[in-house]
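Accompanying notes for the structure given below.
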Amino acid sequence: MAKEKKLVEAITPINEDFARWYTDIVMGAELVDYSSVKGCVVLRPYGYAIWENVQRILDGMFKQTGHENVCMPMFIPESLLQKEKDHVAGFAPEVAWVTHGGSEPLAERLCVRPTSETLFCEHYAHVIHSWRDLPKLYNQWCSVVRWEKTTRPFLRSREFLWQEGHTMHETADEAEAETLRMLEVYRRFCEESLMIPVVCGQKTDKEKFAGAEATYTIEAMMHDGKSLQSGTSHYFGDGFARAFDVTFTGRDNSLQHPFQTSWGLSTRIIGAIIMTHGDDNGLILPPAVAPIQAIIVPVAQHKPGVLEAAKALEERLRVAGLRVKTDDSDNTPGWKFAQYEMKGVPLRIEIGPRDIESGSCVLVRRDTNEKVSVSLEKLESAVAEQLAALAKNLYARALENRTNRTYTCLTYDELKATAAEKQGFYKTMWCGDEACEIKLKEELEITSRCMPFEQEQISGVCPVCGRPAKKMIYWGKAY
RNA sequence: CGGGGUGUGGCUCAGCUUGGUAGAGCGCUUGGUUCGGGACCAAGAGGCCGCGAGUUCGAAUCUCGCCACUCCGACCA
């Protein structure tokens, strides 16, 4: 009993205070540490390793779609940032400025990039001359800075890591297709690697990216029913190209502006993983990005043969291509169990004298806590099966949560009552007028999440104003 | 940027009301016994009480200012 009490004290229960639970997990699983600059966190080895796995998988997908990585400067001269007026209006309030070099004031202050559209455009103007130079399919992995007022690890920090893809195309159709193609890459990554179901759709004009013609999003629902924009893809038309004077000679020998896209996914996705899959015992990591996919815990490791047996399992699984570790520290097995549950390791492998005698080991799934004893001969296949089953279950659980928390509302009163009582997606029709969107934000404190690609005709009218509806839309509260 | 909370060994906090030798638990180090759900015993190390001014013979404690972190809102990826 005393032991159980201690376990509860270690992490705030998820349904008691979700925000505190989140902070407990982030610190307890050793993902981050705070630094002396507000909103700038240290990504510790375990947290950074998750990001490295995200990078590796996504980068592979980008290579398959023909994108090349580049590295842009981190400073943007003020005059360059100001060339596209919607863009600068959107970002100006939250940029950090460099005003001095050493002790000398700079002739022109430099902004620390909040995003790199302007830098890419300046560069594209130099390297794009002919339709034969198109498309340009670039991506960069970097950090950007946005001087947020309040901050939370992964969800909202002043400096964060991300990738930003920036492409230029000969035609509008081609650029629009690219925008949607990359959104689909994000969807596949989230659903197939992270086991997070997402709603794909378009943002309203109010919520779209500063300077974009259209913004598309993948929205994920967290455990508590709040929404998290997990990746975005923007279509710019030729607006930036015009503002930055990017031109090329077309097939018909006329001077034209290329059409542009950009798309990004950040370390915020780690917040999504935590808040989608975690539970009262800690983090649960999808196997594809787990730094350790299986943790081997030797039991009674001082007894002859135990550690050797554990190391033999580790070696076999490593050869089979798994990220695996043996914890041979002198902490007790119980301590190790709790520790790796906190860190979200998908599978635990216990091996002790009893197992060695019977030629087996014990596998324990992090999601269900199910224990199975497996013959050592079948180790590799059993581990693979358990990991696959866990991944499948993570997706199913997350989808179930989203389904249970998606509410269809036909009238304003119904929407008001639901938004007041239940956290989730509120599915309604919408007339398309921003006035209705603003009203919902002011009166019900909900914002539009997206207009899903998969549309349904759930009624004929907008519940806010009663006029004919154009689209089905999801509303919610967002992180 | 608005509202709340908190700053005391690495961590969680007590002490402050009523000024007078800086404490506890956990963690850490060393040695020993343990090991199938957060072990136990013993001996140690470790603090300019967030920072700066005041008041006072004397400040962790009282006064003023500042800073940081954190939570809840508004905004973003």
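Letters A, B, ... mirror the listed sequences (proteins, then strands); counts begin at 1.
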Hey, do the aromatic rings of A:Phe120 and A:Phe240 have their centres closer than 6.0 Å?
no

Of the candidates B:G37, B:G36, B:G73, the side chain of A:Ala338 sits closest to B:G37

- Query: Under 3.5 Å, side chain of A:Thr65 to main-chain N/O of A:Met61, donor-acceptor pair present?
  - Reply: yes

Scanning all shown strands, the Watson-Crick or wobble mate of B:A24 with both distances under 3.5 Å is B:U12

Ranking B:G37, B:C35, B:C1 by distance to the side chain of A:Lys149, first place goes to B:C1

- Are the charged groups of A:Arg366 and A:Glu341 less than 4.0 angstrom apart, N to O? no

- [ ] Kindly say whether, by distance alone, the side chain of A:Glu341 makes a donor-acceptor pair under 3.5 Å with the base of B:G37?
- [x] yes

* Is A:Phe160 stacked on the base of B:A77 when the test is centres under 5.5 angstrom and planes under 30 degrees? -> yes

Dump the pairs, protein N or O against N or O of nucleotides 69-71 of chain B, anything under 3.5 Å, distances to one decimal.
unit_1: B:C69; atom_1: OP1; unit_2: A:Lys38; atom_2: N; d: 2.7
unit_1: B:U70; atom_1: OP1; unit_2: A:Tyr34; atom_2: OH; d: 3.0
unit_1: B:C71; atom_1: OP1; unit_2: A:Thr23; atom_2: OG1; d: 3.0

For this session: Return the stacking result for B:U34 and A:His302: yes when the ring centres lie under 5.5 Å apart and the planes under 30°, no otherwise.
Result: no

With sequence neighbours left out, the residues meeting ring pair (Phe, Tyr, Trp, His ring centres under 6.0 Å) with A:Tyr474 are A:Phe425

Those residues at least two apart in sequence (or on a different chain) that pass ring pair (Phe, Tyr, Trp, His ring centres under 6.0 Å) with A:His223 are A:Phe18

Separation of B:C35 atom P from A:Ile351 atom CD1, nearest Å, is 18 Å

